[in-house]
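Nothing here was measured: the structure is a model prediction, and the numbers come from that model. Numbering of ligands and ligand atoms starts at 1, following listing order.
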Amino acid sequence: MVDLTEVLLTDGKVIKREADITLRKLSYRFGDFKIRSASPLSLTIENKGEKKLMISGQASLEVLIPCARCLEPVASRIDIQFENELDAEDKDYIDGYSLNTDQLVHDEALLVWPERVLCKEDCKGLCPVCGKNRNLGSCDCDTTVRDPRMAKILDIFNNAGK
Ligand SMILES: [Zn+2]
Ligand SMILES: [Zn+2]
């Protein structure tokens, strides 16, 4: 939370603040993601007059995001940078005379969310049969044939050779 009293009092006033990010996880419809570390949020807040505030800021977060193939958590850096004009009565971000910086960070992080995170470029993923993480070793599952109709045809070939 950043106190806006001073900046709200005078049109044209600009303040700069550093706010600690107290958020410990990011929660979206597609999951909860732990924040492992975060830089302070540096903010510039300008009173544009007529109860409008221009809020710009930046921060970087290290968030644990599951690998798209093997689901192991991967420490991923998320850099947020924004410039938003807010109404002084915007209830999403402004509570009385305080700016809800965690809510800002939460919403801005979603905008720059990485499309696909991999633990490594050649991640082998999970076995589709037993679910074992194939980066940790192979399993004995036969994953060459997954379509039962195909398996039947292969049986015919195999039997024909006997
Ligand atoms: Zn992986
Ligand atoms: Zn397997």
**Item:** Vertex the Zn ion (ligand 1), rays to SG in Cys67 and SG in Cys123 - rounded to 10°
**Value:** 110°
**Request:** Output, by chain and residue number, all protein N/O/S atoms separated from the Zn ion (ligand 2) by less than 2.8 Å.
**Result:** Cys127 SG, Cys130 SG, Cys139 SG, Cys141 SG
**Request:** Answer with yes or no whether the side chains of Asn84 and Tyr93 bring together a donor and an acceptor at under 3.5 Å.
**Result:** no
**Asked** Who passes ring pair (Phe, Tyr, Trp, His ring centres under 6.0 Å) against Tyr97, sequence neighbours left out?
**Response** none
**Message:** Ring-plane angle category for Trp113 and Tyr28, please: parallel below 30°, perpendicular beyond 60°, tilted otherwise.
**Reply:** perpendicular
**Asked** Quick one: does Asn135's side chain have a donor or acceptor within less than 3.5 Å of a partner on Cys123's backbone?
**Response** no
**Request:** Specify whether Phe30 and Phe33 have parallel, tilted or perpendicular ring planes, treating 30° as the upper limit for parallel and 60° as the lower limit for perpendicular.
**Result:** tilted
**Request:** Please name the pair of heavy atoms, one in Ala75 and one in Arg36, separated by the smallest distance, quoted to 0.1 Å.
**Result:** CB-NH2, 3.6 Å
